[in-house]
Protein chains: 2
Amino acid sequence: MINYTDTLREHKLKATPQRIAIVDALLLNGHMSTESLYSIMLAKFSSISLATIYKNINLMLENSLIYEVKLPHAKSVYELTKSSHSHLLCKKCGNIEDVAIDLEALVDKISKITEFQIDKTDFVLSGNCKNCH
Amino acid sequence: MINYTDTLREHKLKATPQRIAIVDALLLNGHMSTESLYSIMLAKFSSISLATIYKNINLMLENSLIYEVKLPHAKSVYELTKSSHSHLLCKKCGNIEDVAIDLEALVDKISKITEFQIDKTDFVLSGNCKNCH
DNA sequence: TACATAAAGAATAATCTTTATCTATTAAGT
DNA sequence: ACTTAATAGATAAAGATTATTCTTTATGTA
């Protein structure tokens, strides 16, 4: 297991073994719901409390270490914060993939038309993945 | 109040006064959360049960009469189903606007690159609206 | 390296939020 | 008008999230 002590401290979070394991799990699995995270964590910390999962997810959200991805017809999943990207969701197998889509020109255009100052996008594309056609 | 009896029946739902009022409220307000819908409904039906709101929202979702819009950092809102569109969310005042963005070419491109069969998009653009600059 | 202290973890209670159950009422077809 | 299946309301139950309390621990400092 890699050590994420510094990453956590950079985000003003104490580097506890539980938190290191959360970051590790997210890095390994990409996107996780609270319940899948809890079950993964239970394997490493047999007496971990569900409240610890929620508390840390909220703290990490507040400190922008992680990001919440809201999915249609599914529970939210969490991912480590990275450069802006969109998400592909397979409606059959539930798999989630990151995809880099350059939306800048489009967003600029919309911004002008609507007079909205847009600074963030959440874009989820749903369908069937390669293996689920 | 317009009568949405036929709209409801077309979606295989009995046209009860409560349901007509829900459709009416959504048409009037555009996007509503469960709680705002409940408080609006209470004004018309002083003894309406919150369970009735949830039950009807779920039925209307199943019958595609309404659609759930999941927003970053906010509760879901519901809207009457209409042709595909994206959403603008003002982070300051919370206002939500529909915006028609033609994503077809973009989605086609992504579909080819990723080998995903994409048939739906959920696109929320967040920022500050005209009045909140 | 040990110490002090603020923060975090575990256990569990409390608070939402949503769904299920049960009975009386009602929409809709005949 | 009558019948019947579906719905509304009341409320309990279940599920999800947050708060509380006490014990343990990470981290800065001597």
Side-chain angles (χ1 to χ4, degrees), chain A residues 1 3-25 32-63 65-78, chain B residues 1 3-25 32-63 65-78:
Chain A
M1 193 209 286
N3 194 305
Y4 302 106
T5 304
D6 294 339
T7 311
L8 284 161
R9 288 189 189 151
E10 281 163 18
H11 290 268
K12 305 187 194 298
L13 293 169
K14 265 192 185 178
T16 67
Q18 290 86 345
R19 287 176 181 170
I20 291 169
I22 288 175
V23 175
D24 193 52
M32 301 189 83
S33 65
T34 47
E35 58 179 349
S36 62
L37 193 52
Y38 182 48
S39 67
I40 287 254
M41 291 294 286
L42 268 176
K44 285 187 189 172
F45 304 87
S46 57
S47 72
I48 196 171
S49 169
L50 182 54
T52 299
I53 304 292
Y54 278 104
K55 221 180 323 172
N56 280 323
I57 282 180
N58 285 333
L59 274 170
M60 290 177 180
L61 282 172
E62 286 165 24
N63 291 291
L65 176 56
I66 65 174
Y67 188 75
E68 178 174 4
V69 184
K70 294 201 174 182
L71 302 169
H73 311 300
K75 283 191 180 175
S76 287
V77 292
Y78 302 88
Chain B
M1 194 207 288
N3 194 306
Y4 302 106
T5 304
D6 295 338
T7 312
L8 283 162
R9 289 190 189 149
E10 282 162 16
H11 290 268
K12 305 186 195 297
L13 293 170
K14 265 192 186 177
T16 67
Q18 291 85 345
R19 286 176 182 170
I20 290 169
I22 288 175
V23 174
D24 194 51
M32 302 189 81
S33 65
T34 48
E35 58 178 348
S36 62
L37 193 52
Y38 182 48
S39 67
I40 287 255
M41 293 293 287
L42 268 176
K44 287 186 186 172
F45 304 87
S46 58
S47 71
I48 196 171
S49 169
L50 182 54
T52 299
I53 304 293
Y54 277 103
K55 224 180 322 176
N56 281 322
I57 282 181
N58 284 332
L59 274 169
M60 290 176 179
L61 282 172
E62 286 165 24
N63 291 291
L65 176 55
I66 64 174
Y67 188 75
E68 179 176 5
V69 184
K70 294 200 174 183
L71 303 168
H73 311 298
K75 283 190 181 174
S76 286
V77 293
Y78 302 88

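Fair warning: this is a prediction, and the values are worked out from it, not measured in the lab. Numbers restart at 1 for each chain; the letters A, B, ... are given by sequence-line order, proteins then strands.
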Verify the distance criterion only: is there a donor paired with an acceptor across the side chains of B:Ser49 and B:Thr52 at less than 3.5 Å?
no

Residue [X], side-chain heavy atoms: nucleotide from [options] that is nearest:
| X | options | answer |
| --- | --- | --- |
| A:Arg19 | C:dA10, C:dG9, C:dT17 | C:dG9 |
| B:Pro17 | D:dG9, C:dA27, D:dA8 | C:dA27 |
| A:Ala51 | D:dG9, C:dT12, D:dT7 | C:dT12 |

Shortest non-hydrogen separation from [X] to [Y] and the atoms involved:
| X | Y | answer |
| --- | --- | --- |
| A:Ile40 | A:Ala25 | CG2-CB, 4.1 Å |
| A:Ile57 | A:Ile66 | O-CD1, 3.7 Å |
| B:Ile53 | B:Tyr38 | CG1-CD1, 3.7 Å |

Check DNA chain D for consecutive Watson-Crick or G-U pairs with both distances under 3.5 Å and list the runs of at least three as stems.
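Counting only runs of 3 or more consecutive pairs, the stems involving DNA chain D are C:1-30 with D:1-30.
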
Please report the distance, rounded to the nearest Å, between [atom1] in [X] and [atom2] in [N].
| X | N | atom1 | atom2 | value |
| --- | --- | --- | --- | --- |
| B:Leu59 | D:dA8 | CG | P | 8 Å |
| B:Leu37 | C:dT17 | CG | C1' | 15 Å |
| B:Leu50 | D:dA10 | CG | P | 12 Å |
| B:Asn58 | C:dT17 | CG | P | 16 Å |
| A:Asn63 | C:dA8 | CG | P | 10 Å |
| A:Gln18 | C:dA7 | CD | P | 17 Å |
| B:Met60 | D:dT7 | CE | C1' | 12 Å |
| A:Tyr4 | D:dA26 | OH | P | 19 Å |

Which part of the nucleic acid, if any, lies within contact of B:Ile48, taking any heavy atom under 4.0 Å across all strands shown: a base, the sugar-phosphate backbone alone, or nothing?
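Sugar-phosphate only.
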
Residues of residues 8-16 of chain B with any non-hydrogen atom less than 4.0 angstrom from an atom of DNA chain C: list those, numerically ordered, please.
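Nucleic-acid contacts, sorted: B:Arg9, B:Lys14, B:Ala15.
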
Compare side-chain N and O positions of A:Lys75 against OP1 and OP2 of D:dA16 and report whether any pair is under 4.0 Å apart.
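A:Lys75 to D:dA16 OP1/OP2: side-chain N or O found under 4.0 Å.
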
May I ask you to verify if any side-chain N or O of A:Thr52 is less than 4.0 angstrom from the OP1 or OP2 atom of C:dA10?
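Checking C:dA10 against A:Thr52, a side-chain N or O does come within under 4.0 Å of OP1 or OP2.
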
Is the side chain of [X] donor-acceptor paired with the backbone N or O of [Y] at a distance under 3.5 Å, no angle test?
| X | Y | result |
| --- | --- | --- |
| A:Asp24 | A:Ile20 | no |
| B:Arg19 | B:Asn56 | no |
| A:Lys70 | B:Pro72 | no |

Drop me the distance from A:Ile22's CD1 to A:Tyr78's OH, to the nearest 0.5 angstrom.
11.5 Å

From B:Gln18 CD over to B:Lys44 NZ, what is the distance, rounded to the nearest 0.5 angstrom?
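The CD atom of B:Gln18 sits 11.0 Å away from the NZ atom of B:Lys44.
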
Could you say whether B:Thr34 or B:Thr5 is positioned toward the 5' end of DNA chain C, judged by the nucleotide with the nearest heavy atom to each?
B:Thr34

Kindly indicate, with the supporting measurements, whether the criterion side chain to side chain contact (heavy atoms under 4.5 Å, CB included) is fulfilled by B:Met60 and B:Leu8.
CA-CA 9 Å; B:Met60 290 176 179; B:Leu8 283 162; 4.1 Å; yes

